[in-house]
Chemist: 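The structure that follows is given in the form of structure tokens.
Counting from 1, the numbers follow the sequence of the chain as shown.
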Amino acid sequence: MENEIEIKIMLIPENIPLIYQWLNQQNILCHETEELANCYYDTPDLYFAKEKMGLRVRSKNNQHEITLKAKGEITGGLHIRPEYNLALEHNFPDLKRLVSHYNLQLGDIKQLQQNLKATFSTDFQREKWVVAFNQSEIEIALDQGLIKNSQGEEQICELEFELKQGNINDILTLLEQLPKQNGIWFSSLSKAQRGYLVGYPNKIAKEIEKLTAYYVENHCEIETYQFAQQLADFIRLTASEPLIHQYQQLTGEKVDSVDYFTSQDYFAYNLATLTEMNINSND
């Protein structure tokens, strides 16, 4: 088991050349491109989604790996969550073997295994660079592809900054040097979360209903910020005016249009907030 520490950033495809130019200026230790085929599994009653977990089989070069991503912490675009990986001989999830290997507590494993079904896929090209920055090694991955389920599909175009060794502060400092451009933004939505939502307006509506009913008074700064970023994610999906109004009340920011949530001003606000919260957590 390992804790994955990464920051997820969405971008529009038109900004990719700008990112390449910026990356070529970094101290690159290695660079490679790979094709990743990922199938996510769940039960008919969505056991893993309800437990805020993701169960995935990844195939690369005819080799297969099962991964269970457990519930962790998501603060804006910063994702920290336990991850359990195990090599497979085939491309179907051997959940029983994974649970036994890590001594996980997941309920009735036999029943879960019998009820597993493919729920959605995320197939993409990953181009990645490991860069040396200050005292850290940081993997930067550019993912381009598609999320697909039985109801539809959605484009993948995102950057992930993962700490391989060193200090999370170095990722935040590196992000300060990222080109300032509209169409680059932090997101708290993982590929797995998006996979459950694509083509399901009723599920999106239920999430919006939960958000509008959420009461944040007396919550700490981090919880309030996390909630604000959830609002922003669903504002980008739906351009909901009630959610925009709720976001403004919560944050005190003035929002002229939904475009704000993919703007360089929004990116700068989030980076400054994440940096401040990380500094305070280390005091």
Side-chain angles (χ1 to χ4, degrees), residues 1 4 6 8 10 36-59 64-74 79-86 88 90-124 143 145-156 158 187-214 226-227 229-238 240 243:
M1 190 274 287
E4 181 183 56
E6 67 179 19
K8 186 179 298 294
M10 306 290 194
L36 302 177
N38 308 277
C39 187
Y40 285 78
Y41 291 83
D42 211 332
T43 62
D45 63 350
L46 302 179
Y47 170 85
F48 290 98
K50 290 175 182 176
E51 295 294 326
K52 300 188 184 304
M53 296 179 178
L55 182 67
R56 177 189 75 199
V57 171
R58 169 167 288 173
S59 299
H64 314 289
E65 181 183 62
I66 183 173
T67 295
L68 177 68
K69 292 196 175 188
K71 181 180 178 181
E73 296 181 14
I74 302 176
H79 297 238
I80 303 175
R81 60 194 307 187
E83 183 176 284
Y84 304 89
N85 303 293
L86 195 65
L88 296 173
H90 45 72
N91 63 353
F92 189 78
D94 191 340
L95 181 62
K96 183 178 179 180
R97 184 164 162 248
L98 181 72
V99 167
S100 175
H101 184 81
Y102 288 103
N103 194 27
L104 302 175
Q105 304 300 316
L106 289 182
D108 190 339
I109 301 303
K110 183 178 179 180
Q111 190 68 38
L112 286 173
Q113 181 73 63
Q114 290 177 346
N115 290 337
L116 285 180
K117 66 174 184 176
T119 306
F120 59 89
S121 64
T122 65
D123 299 335
F124 52 89
D143 294 343
L146 287 174
I147 298 171
K148 293 182 181 180
N149 61 29
S150 61
Q151 301 300 309
E153 62 182 47
E154 190 172 282
Q155 183 183 52
I156 296 170
E158 60 186 45
S187 176
S188 63
L189 283 179
S190 67
K191 294 183 185 73
Q193 288 172 302
R194 293 169 65 195
Y196 283 107
L197 296 173
V198 171
Y200 287 98
N202 58 322
K203 290 184 180 180
I204 294 174
K206 286 182 179 179
E207 291 300 319
I208 290 176
E209 185 178 339
K210 291 178 187 176
L211 290 172
T212 54
Y214 191 75
Q226 289 172 332
F227 178 65
Q229 300 322 301
Q230 291 178 49
L231 287 174
D233 282 323
F234 281 90
I235 289 169
R236 282 186 289 267
L237 285 175
T238 65
S240 166
L243 290 187

Chemist: Roughly how far apart are E83 CD and E6 CD, rounded to 0.5 Å?
Modeler: 8.0 Å

Chemist: Compare every heavy atom of A118 with every heavy atom of Y41, then report the nearest pair and how far apart it is.
Modeler: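 It is CD2-N, 3.5 Å.
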
Chemist: Would you name the heavy atoms of Y47 and D42 that are closest together and state the gap between them?
Modeler: N-OD1, 3.0 Å

Chemist: Pair N149, Y200 - check side chain to side chain donor-acceptor pair (under 3.5 Å), show working.
Modeler: CA-CA 10 Å; N149 61 29; Y200 287 98; 5.2 Å; no

Chemist: When you measure from the side chain of K8 to the backbone N and O of K191, does any donor-acceptor pair fall under 3.5 Å?
Modeler: no

Chemist: Would you say the side-chain atoms of E153 pair up with the backbone N or O of V198, donor to acceptor, closer than 3.5 Å?
Modeler: no

Chemist: In Å, rounded to the nearest 0.5 Å, how long is the span from CD of Q193 to NZ of K203?
Modeler: 12.5 Å

Chemist: Let me see the working for T122 and D143 under side-chain contact (heavy atoms from CB on, under 4.5 Å), right down to the final yes or no.
Modeler: CA-CA 10 Å; T122 65; D143 294 343; over 6 Å; no

Chemist: Nearest heavy-atom pair of R58 and N38: which atoms, and what distance?
Modeler: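 So the minimum-distance heavy-atom pair works out to NE-OD1, 2.5 Å.
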
Chemist: Can you find a pair of side-chain heavy atoms, one from F92 and one from V57, that are under 4.5 Å apart?
Modeler: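 In short, these two side chains do not touch, never coming nearer than 4.5 Å.
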
Chemist: As a quick check of understanding, evaluate side-chain contact (heavy atoms from CB on, under 4.5 Å) for L106 and M53, giving each step before the final call.
Modeler: CA-CA 11 Å; L106 289 182; M53 296 179 178; 3.7 Å; yes

Chemist: More than 12 heavy atoms of other residues, nucleotides or ligands under 6.0 Å from NZ of K148: yes or no?
Modeler: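 Open: at most 12 neighbouring heavy atoms sit under 6.0 Å from NZ of K148.
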
Chemist: Would you compute the distance between atom NZ of K96 and atom CG of L104 and round it to the nearest 0.5 angstrom?
Modeler: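 Rounded to the nearest 0.5 Å, the NZ-CG separation comes to 14.5 Å.
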
Chemist: Just verifying a value: how many Å separate K50 NZ and D45 CG, rounded to the nearest 0.5 Å?
Modeler: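 Reported value, rounded in 0.5 Å steps: 5.0 Å.
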
Chemist: Do D233 and E207 pass the side-chain contact (heavy atoms from CB on, under 4.5 Å) test, and can you show the C-alpha distance, the side-chain angles, and the key distance before you say yes or no?
Modeler: CA-CA 11 Å; D233 282 323; E207 291 300 319; over 6 Å; no

Chemist: Contact between L116 and L55 at the side-chain level, heavy atoms closer than 4.5 Å - yes or no?
Modeler: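 Yes, their side chains come closer than 4.5 Å.
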
Chemist: At their closest point, which heavy atom of M10 faces which heavy atom of L189, and how far apart are they?
Modeler: CE-O, 3.8 Å

Chemist: List the atom of Y102, the atom of N85, and the distance in Å for their closest heavy-atom pair.
Modeler: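 Answer, listing the atom of Y102 first, then N85: OH-O, 2.6 Å.
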
Chemist: Rounded to the nearest 0.5 Å, what's the gap from CZ on R236 to OG1 on T238? Could you check?
Modeler: 11.0 Å

Chemist: Is the ring pair F120/Y40 parallel, tilted or perpendicular, if the boundaries are 30 and 60 degrees?
Modeler: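 Aromatic pair F120/Y40 classed parallel.
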
Chemist: One pair to check against side-chain contact (heavy atoms from CB on, under 4.5 Å): F227 and L231. What are the steps and the verdict?
Modeler: CA-CA 6 Å; F227 178 65; L231 287 174; 3.6 Å; yes

Chemist: What are the two closest non-hydrogen atoms of I66 and D94, and how far apart are they?
Modeler: CD1-N, 3.9 Å

Chemist: State whether the side chain of E154 and the backbone N or O of I147 hold a donor-acceptor pair below 3.5 Å, judged by distance alone.
Modeler: no

Chemist: Atom CZ of R97 and atom CD1 of I109: how far apart are they, to the nearest 0.5 Å?
Modeler: 15.0 Å

